[in-house]
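Read through the structure below, which is laid out as structure tokens, and then see the notes.
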Amino acid sequence: MSQLSSQSIGIFDSGIGGLTVAHAVTKLLPNENIIYFGDLAHLPYGDKSTAAIQAYTIKICDILLQQHCKLILIACHSASSAAYDLVKEYVASKAQVINVIDPAVNHIREHFTKKRIGLIGTRQTVNSNIYKKKIDDLQLEIELRSLATPLLVPMIEEGFADNNILTQTLSNYLSHSELDNIDALLLGCTHYPIIKQQIMDFYEKKITLIDSADISALAVKGLLEHHHILNMQTNTPQHKFYVSDYTEAFLASAKWFFPDVIHFEHYPLWE
Ligand code: DGL
């Protein structure tokens, strides 16, 4: 086992969405240490320009590299669509880099030939057309129908997951004709697994939901194995959580995923 194996996995998102992925990673890879960065100061990413998301992303990668992360997981579809190529180039050989889009596309390739798939995500993710391009390139007669659902992230961050306002908003979005007669719905934002149950309720379990959190965790495992940097030590992992700004709602929601974590360090990245 190389010395690099014991280094952390760096994971980031604009807010709590990436915690769905971080949680899946720690479940699948319980020996791994993670460093999480939630860029709450710039939430939501989905409505920002590509250039702004790229700037935030590179700054966060700098922090993760300073902490010697062996792998950086962009746990955000918006940042993955806006900045993955740039991050790969920037990080170069200093760490492995993985996004949440390619693992989802691979999963679709394996399971959804000739199907009609709906995609919901932020404006950035949907308008980038990245999923459409990658899925069309597969040439598997998969039809992708996409809808930007920008109100969902602020509601989820506010802890509205369980109320009528969210149910109404969700029902408005999911009834859109763009999403008619789909076989599966891809949750193209890492915040959306938090409202998976409400989405399932809308569809009365008649379609499949594609949640990229578990799929991405499997891809992380594959990449670590491929590079022989999986952590085999069985010590209790040491996770670190940073936020660029605090909100009470974030801290409350974060406890659902990591109940033992009591400390989120304020990292004033932008001051
Ligand atoms: N969770 C993110 C995503 O997957 C970002 C959402 C946002 O900040 O708009 O797109």
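Since we're looking at a predicted model, the values are computed, not measured. Each ligand, and each atom within it, is numbered from 1 in the order the structure gives.
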Donor-acceptor contact present, side-chain H176 to main-chain E178, <3.5 Å
yes

Any donor and acceptor pair, going by atom type alone, linking the side chain of N99 with main-chain N or O of S80 inside 3.5 Å?
no

Counting only non-hydrogen atoms and a 4.0 Å cut-off, the residues near ligand 1 are D13, S14, L43, P44, Y45, G46, C76, H77, S78, T122, V153, C189, T190, H191

Tell me every residue that passes ring-ring contact (aromatic ring centres under 6.0 Å, His included) with F257, counting only those two or more places apart in sequence or in another chain.
H23

Does the side chain of Y192 pick up a donor-acceptor pair with the side chain of T20 at under 3.5 Å?
no

Examine F250 together with F264 and report whether their ring centres are nearer than 6.0 Å.
yes

Taking side-chain contact (heavy atoms from CB on, under 4.5 Å) as the criterion, tell me which of V126, T122, V153 meets it with S78.
T122

